[in-house]
Amino acid sequence: MTDIQERPPQADPAAAQASAAGTPPGVVTGHHTAQIKKRRRKEALIAHLFLAPWFVGLIAITSIPLLASLYLSFTDYHLIRDWGWVGFDNYRVMFTEDPRFIKALVNTSIYVLVSVPLQLTFALALALVLDRGVRGLSIYRSVYYLPSLLGSSVAIAILWRKVFGADGLFNEFLGFFGYEGTSWVGDPSTALGTLVVLNVWTFGSPMVIFLAGLRQIPPSYYEAASIDGAGTMRQFFSITLPLLTPIIFFNLVLQLIGAFQSFTQAYVVSGGNGSPADSTLFYTMYVYQKGFNSFEMGYASAMAWVLVLIIAVLTAVNFLMSKYWVFYSDK
Amino acid sequence: MTTHTKHLTRRVLPALAVVGAMTLTACGGGDSGGGGEDGDITLRVAWWGSDHRQRITEEAIAKFEEQNEGITIQPEYSTFDSYYDQLTTQVASNDAPDVFAVEIRRFGELARGGVMADLGGKVDTGDLNEELLESGAIDGTQYGIPTGANAFAIMANTKVFEDAGLELPDDTAWTWEDYLELSAELTEVSDSGVYGTQISNNDAWLRVFSAQQGEEFYTDGQLGITEETVTDWFQYQLDQIDQGASPDGPRSVEIGSNVETSLIATNTGGMGMWWTNQLGTLSSGSGENVELLRMPNAGNGGSGGMFLQPTMFWSVSGNSAQQDAAAKLVDFLVNDPEAGAIQGSDRGLPMNSSVLDAVRDGLPEEDQKSLSFLEDISDETDTPPTALPSGAGEIPNLLTRYSEEVYFGRMTPAEAAAQFVSEANSTLS
Amino acid sequence: MTSNHDTDRGGLKVKDADRAGLNDTAMARVLLWFRGRRVFTHIGLILFGLVMLYPLLWMVSSSLKPEDVIFREQGLIPTSITFDNFVAGWNALRHPFSHYMFNSAIITAGAVIGNLLACSLAAYAFARLEFPFKKFWFAVMLGTIMLPLHVVLVPQYILFSELGWINTFYPLIVPKFLATDAFFIFLMVQFIRTLPRDLDEAALIDGAGHWRIFSRIIIPLSTPALATTAIFTFIWTWNDFLSQLIFLTNPDMHTVPVALRTFLDSSGDSSWGPMFAMSVIALGPIFGFFLAGQKYLVRGIATSGLK
């Protein structure tokens, strides 16, 4: 990574135009603290301008329902009946009197722990293979992305029975090895597993993000490295992987959040009730059931905020850990 | 009301405004959109169902608009699975449609929640089946007008019986034991992959089953069924699996309760329990003749337990500013022979004598079969269920869940029954 | 599309040749082995591709079967082919299916443009600028994607109905212009942070303002990230069901996902055939957009650096 000289020319036109436009120069000459302060204030002002749409959205659109649901989590808000303030009751009931809540939490945790690493490994491995200049890259990429397009379709409910049902494809496949399988979607000990497979199967999104990330790595780095005599493996570990860490980190954080909120696939496959015997009852599905089937939206809100807390803690841990393994080029 | 809420939105912290709006919503009252002026009324009408129902309902509505100049109908429909998401969001936001369809499991909850208007005297109910009409009333207030009726019955795929070389049973005198034995025998003599029956854990079956023991499903807002009956019911499902009358646990769960993929519809099962209005789908799916049979009895000489179920109700929003026009539409949909002819048996077999006379001959073969079945059993049926307690909408899910616990041996029938009864009673109120 | 793998292949050949030139026979041997293995790579990729393709094949096959036999007939290859489902499905609803595609297209186009504009602006601020409470706001930004949608639906409905936005496309488009999809802000922050800072520092020294750096350096170099954002926004908006269901109750405003479910009825009157047929048709635009968009996934520094 010693080839910094290569890029400034490319940035030159913009810079030249910029100075022509008369933007005040002399950012580096500022020795006086007053000047630094002024510069900082100006940068903060510019930052807020860039953030303006987001701030407006946050205040006018995002925060209102968000805060409303936080407030409602301390009530027994019911969509049909009268309701009132109940303090921390919802939160207490959840952890002490609601075995289904615990069940949903456990199911979701297992799902997250298994499917996120699997899906990311798949996505990264295929992105790397495809990025190596495989012929017909765009065809493979498109084909691999297809399941992600179908992922939320109602047709998945039927499809998944076709694949993992008692007379499904998977059992036909096992039949070649003389093994007679059961209905994988109907057995409470395997149903969750089929949802993990479904999630891994839609690895297209993180794969595309990985591919985009790989394309963002300047080829000059590799050129420089091969001139220095670094092999494929060395290049991978000293260039590709470190430079990809922000993207890996992004995928990890987002897939973790996404998996904890996973709803549609389990809802569609299980018919919305976490069948069989609550083995696919996901956290958000339970939130949904409480909110829209039992109309106990206050309780559902409380559960949702516990989920926010769980995800927030995990994300914070993720960010803390990222200091040790994520490498940013801008530092 | 609306202006008041808007006021809040502008002045106070926005988040509190929403909460405030919700509080006001919960208190009821207020008006919801629409014209209001005479001769220029827009009614929002909501229902669930497939493209077919949507087409014929809109056709009927067009007829209504023709006859009632100045009233425009704005339909809102969605598939059943998401219908209540939409409806309850609107109800909670004080923005309910003027007219909406609701099925009996949610009817009681919404009616008691003050969501619906009293239709007494506003809709002509003279020709409606009186017992059925009663199911749309709570404490004498008519919150809903039933659109038609179904019965929960046994269906038999005659081709499967034929292939097995077995006769259809005599359904006037058969017991649960007979049903179990016959199903097991069917499985045994049929090709592999073909079963005698398909497990059902529909609450309608439990209603029949408990009525045969002389028990009401609900009494005073609580579960009226005894734990023993529920235990027997779970045990019976388990027996079906254990004796090979039905597919094993995992397969049974996989098959679920979808009509199109059911055993009868795919010619892989001899019998099953379905609503009479599902006969058409079962027949066309299988391409074979499917027969209707009475539910087996308990062999105790008691009631047969079968009942007429109101398929759904039309209700009018209590917040609607145009309740009279809304009631007029409901009246048209349930009483007008022309509307009846267009809708056929889509919302249940018509239980309105004048409509029935007008449409009977035009009904498809399966519907005529169901109709004559309902007439055959009319002397034996119990009264239709009355509005269910609040929270009853969750009971079917509870039954499915505990049934599954039983199939996989995670609970004994007795354990499942005990837990079901206690969870059900805390859900109901 | 074709030009793409040409570039890929071209670039690879150059690299291979370079390497072969650098080393001698040992390298050639490795290269040969590598070539041999490439065949296996392709076989593996193709087999894997078939697994991935199965659902689509199945759906197309189901859409071509007469409706009565869809669930009776097990095989992937239909015994008789009919286009009835397509004809019936297209005309089954209140409007021709194109009407719903058009509605979806408006919402989707609005969402894509909104996300590209608003999220990239916010991302630049988080990735490149210093301002007070930056970490706090970043945490808030991430926090907004942690709450499950279901519990905010009712408050959202009240909010939008107060604004008079129910049964308009505003609730589905306007928030995108206000960067409420924090997912994409975070995505772009991460991408921008992989860009070496000396690029914009050099420009800064030359006196360029932040707007100029953003629009002339960061945006062009972030093409892959922008393409990713556009593709995902397009697909997710096109497939999004729940919010479109809740905010668009008037059937004239219905979108593709809502219209598709109109074919289904859990009590047994579903039109599965037309549903499959229209699902296949509805896949067209998203797949087309993906194909078009993925062209830009290879640009960015990769190609501009070579020029």
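Just so we're on the same page: letters track the sequence lines, and every chain starts at 1.
- Between chain C and the residues A:Leu150, A:Thr62, A:Val163, A:Val326, the largest count of heavy-atom pairs under 4.5 Å involves A:Leu150.
- Of the atoms belonging to A:Ile158, heavy atoms from both backbone and side chain fall under 4.5 Å from chain C.
- Considering every non-hydrogen atom in both C:Thr194 and A:Pro246, the closest pair reads CG2-CG, 3.7 Å.
- For a residue to count as touching a neighbouring chain, one of its non-hydrogen atoms must lie under 4.5 Å from one of that chain's; by this rule C:Leu149 does not touch chain A.
- Interface residue A:Ile257: only side-chain heavy atoms are found under 4.5 Å from chain C.
- Judged by distance alone, with hydrogens and angles left aside, the side-chain atoms of C:Thr180 form a donor-acceptor pair with the main-chain N or O of C:Pro175 at under 3.5 Å.
- Between A:Tyr145 and A:Ser205, the closest side-chain pair of non-hydrogen atoms falls below 4.5 Å.
- Per-residue counts of heavy-atom pairs under 4.5 Å with chain C were compared for A:Ile247, A:Val56, A:Val287, A:Leu211; the largest is that of A:Ile247.
- Shortest non-hydrogen contact noted between A:Leu159 and A:Trp201 is CD2-CH2, 4.0 Å.
- Among the candidates C:Ala122, C:Pro55, C:Ser215, C:Ala118, the residue making the largest number of heavy-atom pairs closer than 4.5 Å to chain A is C:Pro55.
- Of the atoms belonging to A:Val308, heavy atoms from both backbone and side chain fall under 4.5 Å from chain C.
- Ring geometry, A:Tyr288 versus A:Tyr267: the interplanar angle exceeds 60°, so the pair is classed perpendicular (tilted spans 30 to 60°).
- With a threshold of 4.5 angstrom between heavy atoms, A:Ala52 does not approach chain C through any atom at all.
- In this structure, chain A has heavy atoms under 4.5 Å from both the backbone and the side chain of C:Ile145.
- A distance-only check finds a donor-acceptor pair linking the side chain of C:Lys134 to the backbone of C:Leu129 [under 3.5 Å].
- Put simply, of C:Phe131, C:Phe241, C:Phe191, the one with the most heavy-atom pairs under 4.5 Å next to chain A is C:Phe191.
- With chain C as the partner, the residue from A:Met303, A:Lys162, A:Met297 showing the most heavy-atom pairs under 4.5 Å is A:Lys162.
- For the 3.5 Å distance criterion, the side chains of A:Tyr328 and C:Gln190 qualify, holding a donor opposite an acceptor.
- When heavy atoms are compared at a cutoff of 4.5 Å, A:Glu43 approaches chain C by way of both its backbone and its side chain.
- Interface residue C:Phe232: only side-chain heavy atoms are found under 4.5 Å from chain A.
- When heavy atoms are compared at a cutoff of 4.5 Å, C:Phe290 approaches chain A solely by way of its side chain, counted from C-beta outward.
- For C:Phe186 and C:Phe126, the gap between ring centers reaches or exceeds 6.0 Å.
- Here the two rings, on C:Phe183 and A:Phe250, have centers that are under 6.0 Å apart.
- Chain C forms more heavy-atom pairs under 4.5 Å with one residue of A:Ala155, A:Ser73, A:Ala300 than with any other, namely A:Ala155.
- Looking only at heavy-atom pairs under 4.5 Å with chain A, the residue among C:Leu283, C:Val152, C:Thr228, C:Leu187 that has the most is C:Leu187.
- Contacts between C:Met275 and chain A at a heavy-atom distance below 4.5 Å involve the side chain alone, from C-beta outward.
- The environment of CZ in A:Phe55 is crowded: more than 12 heavy-atom neighbours from other residues, nucleotides or ligands sit within 6.0 Å.
- Most heavy-atom pairs under 4.5 Å with chain A, from the set C:Phe214, C:Phe177, C:Phe48: that is C:Phe48.
- Annotation for A:Pro242 and A:Thr245: closest pair O-OG1, 2.5 Å, computed over non-hydrogen atoms.
- Looking at A:Thr284, both its backbone and its side chain come within 4.5 Å of chain C, counting heavy atoms on both sides.
- By number of non-hydrogen pairs under 4.5 angstrom with chain C, the leading residue of A:Ala316, A:Ala312, A:Gly291 is A:Ala312.
- For chain A, the option among C:Trp137, C:Phe276, C:Tyr124 with the highest count of heavy-atom pairs below 4.5 Å is C:Trp137.
- The part of C:Phe138 that comes within reach of chain A is its side chain, from C-beta onward, which places non-hydrogen atoms under 4.5 angstrom from that chain.
- Per-residue heavy-atom pair counts under 4.5 Å with chain C were compared for A:Leu244, A:Leu126, A:Leu49, A:Leu79, and the maximum is reached by A:Leu126.
- Between the side chain of C:Arg197 and the main chain of C:Arg128, a donor-acceptor pair closer than 3.5 Å is present.
- If you measure heavy-atom distances from A:Leu149 to chain C, the contacts under 4.5 Å come from both the backbone and the side chain.
- Considering only residues two or more places apart in sequence or on other chains, C:Glu201 meets the salt bridge (Lys or Arg N to Asp or Glu O under 4.0 Å) condition with none of them.
- Between A:Phe282 and A:Phe263, the distance from one ring center to the other does not fall under 6.0 angstrom.
- With respect to chain A, the highest number of heavy-atom pairs below 4.5 Å among C:Tyr54, C:Phe160, C:Trp238, C:Trp272 belongs to C:Tyr54.
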Taking it one step at a time, do C:His150 and A:Tyr286 satisfy ring pair (Phe, Tyr, Trp, His ring centres under 6.0 Å)?
CA-CA 11 Å; C:His150 305 107; A:Tyr286 192 42; over 10 Å; no
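- In this structure, chain C has no heavy atom under 4.5 Å from any part of A:Phe260.
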